[in-house]
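A short write-up of the structure that comes next.
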Number of protein chains: 2
Amino acid sequence: MATTSHAPDAPTAAAQPPGPATPRATRRRGEALTRAIYQATLNELARTSFEELSFDKIAPLAGTGKSALYRRWATPEELVIAALTDPSTGFGDPVAPDTGSLRGDLIALLGRFAGVLDEPRGRALRPLLTQRARHPEVFEEVRRLVILPNQRILLAVLQAAADRGEAAPQCVTPRVASVGPRLIMAEFLEKGTVGRADVQSIVDEVLMPLTAPRPDTGRSDAPADAGDGARAT
Amino acid sequence: MATTSHAPDAPTAAAQPPGPATPRATRRRGEALTRAIYQATLNELARTSFEELSFDKIAPLAGTGKSALYRRWATPEELVIAALTDPSTGFGDPVAPDTGSLRGDLIALLGRFAGVLDEPRGRALRPLLTQRARHPEVFEEVRRLVILPNQRILLAVLQAAADRGEAAPQCVTPRVASVGPRLIMAEFLEKGTVGRADVQSIVDEVLMPLTAPRPDTGRSDAPADAGDGARAT
DNA sequence: CACGATAGTGAACAGACTTGTCCCTTATTT
DNA sequence: AAATAAGGGACAAGTCTGTTCACTATCGTG
């Protein structure tokens with residue numbers, strides 16, 4: 001049994017979140033341990049996939065034993081939801097930007113979103129995005145914590161811009177509000193990261209033209225009926 | 001596993017393309033068998049995830065033995081790439097629409113894309129989208145077979161529309177061309193399916209306003225330098 | 001300050017499942 | 001009929017899962 005783990009001299013390794021089994025001087029409990037487990041969970045999720053998660057792998061990564069995990073959660077799914085929901089490791093309520101201009105707000109909001117995606121919690125989202133059908137509860141949590149808040153804020157930003165005359169009133173819709181975040185997400189999936197230049201490009205090449213006040217060209221909206229002309233073959 | 005694996009009564013009498021081990025009168029070989037394996041692979045991929053794929057599971061789904069698979073491919077990864085590449089089960093070159101109008105072209109192209117996503121081969125894409133980092137070769141194939149062709153055609157559609165005066169010339173860019181497909185993909189991931197109404201909404205609420213000829217408002221493009229105004233906190 | 005309650009650590013374990021390979025039988029092709 | 005390859009089962013080695021246990025650091029209380 002167990003060479004004692006109470007090495008009295010190891011003050012150096014004070015507190016690194018993702019330590020792969022570093023012998024610790026202090027034994028964590030309660031909240032501190034829980035948060036370390038959340039971190040390890042998100043890191044592992046970011047590295048691999050939801051299906052491969054297991055208490056078996058997470059425990060050593062968090063520098064603890066499986067028992068501590070089984071005492072808290074019944075399944076990896078529960079653990080993931082908890083990790084996502086916890087404000088300190090997962091997602092809290094994002095704040096609305098207020099730079100005074102539509103372009104400033106968009107770049108601030110989308111830039112922050114892109115930044116979050118580069119953190120462990122953001123990279124942990126990636127494997128979850130394709131799990132809608134198999135793990136509705138997990139996906140619903142992603143939706144509730146990430147997708148919907150962004151959409152809500154974006155809609156408010158658009159409304160404010162429309163009120164200032166900076167944006168066309170008819171672009172204040174959920175569909176238009178979804179464009180920015182979705183383009184960021186797509187860029188993230190395709191390239192692995194979203195740089196500042198990408199954010200600017202999305203804002204300047206897509207969102208600004210899309211929301212620009214319309215000098216009433218007769219074509220901008222849906223042509224009433226018009227057969228949809230789909231000629232797929 | 002005492003229960004015989006060739007249960008003569010498939011549950012719910014599934015049709016034969018994805019038949020879960022229906023006893024066959026005829027023994028397939030060569031191309032026919034290969035294609036059946038591709039189908040089973042894509043079906044299973046659509047149902048679960050890339051990580052969970054294994055010859056062990058695919059073989060019975062294709063109604064054959066593991067030997068037939070190991071004789072053809074060394075790893076599930078190779079098999080997936082082959083299944084995606086095969087024109088009869090995977091993706092060939094998509095055709096460019098030519099309806100005469102920008103809106104018609106967009107709805108035709110994106111509608112067809114949405115349709116493909118509802119097929120097995122399309123649903124099989126979903127788990128692959130998050131595998132860029134772990135399986136670059138598979139993702140590269142997705143890119144080559146699905147993402148890039150769509151982008152290429154869309155760019156051509158935009159160019160043609162610009163030539164006709166239907167679209168602003170400055171919107172003929174890869175970034176703008178990426179918007180449609182990416183919104184379709186995002187809708188697909190978030191809702192599980194993309195209906196005709198979604199396609200129309202994307203075209204009419206986003207793409208048409210975005211590409212509308214610009215009567216030269218002084219603001220549509222990037223403001224030269226202008227600090228990016230990001231005030232993320 | 002010391003004691004007892006609580007909870008973390010680390011390991012072991014049995015059972016289930018997975019993996020790649022091998023081999024024998026049988027259908028199909030030449 | 002001979003050659004080829006499919007069908008399908010069996011195998012050993014390895015992996016993963018959830019439990020349980022002995023041990024000990026930490027905390028709260030008296």
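Just so it is clear: chains get the letters A, B, ... in the order the sequence lines come, proteins before strands, and each one is counted from 1.
- For A:R72, a side-chain nitrogen or oxygen approaches OP1 or OP2 of C:dG8 to under 4.0 Å.
- The distance from atom CG of B:L61 to atom P of D:dG8 is 13 Å, rounded to the nearest whole Å.
- If you take NZ of B:K66 and P of D:dG9, they are 12 Å apart, rounded to a whole angstrom.
- Here the C1' atom of nucleotide D:dT4 and the CG atom of B:L33 are 14 Å apart, to the nearest Å.
- At the phosphate of C:dA7, neither OP1 nor OP2 sits under 4.0 Å from any side-chain N or O atom of A:R71.
- If you take CH2 of B:W73 and P of C:dG20, they are 15 Å apart, rounded to a whole angstrom.
- With no hydrogens or angles considered, no side-chain donor-acceptor pair links A:T34 and A:E31 at under 3.5 Å.
- The stretch residues 51-58 of chain B comes close to DNA chain C through B:S54, B:D56, each having a heavy atom under 4.0 Å from the strand.
- B:T89 and B:R121 share no donor-acceptor pair across their side chains, judged by distance under 3.5 Å alone.
- Partner of A:L117 under the side-chain contact (heavy atoms from CB on, under 4.5 Å) criterion, out of A:I184, A:T193, A:L189: A:I184 alone.
- Each of B:P76 and B:S67 was assigned the nucleotide of DNA chain C with the nearest heavy atom; the assignment lying further toward the 5' end belongs to B:P76.
- For the 3.5 Å distance criterion, the side chains of B:T173 and A:E205 qualify, holding a donor opposite an acceptor.
- Straight-line distance from the OH atom of A:Y70 to the P atom of D:dT17: 7 Å, rounded to whole Å.
- For the residue pair B:R126/A:T130, the side-chain donor-acceptor check at 3.5 Å is not satisfied.
- Counting only N and O atoms by type, the side chains of A:Q131 and A:E51 include a donor and acceptor under 3.5 Å apart.
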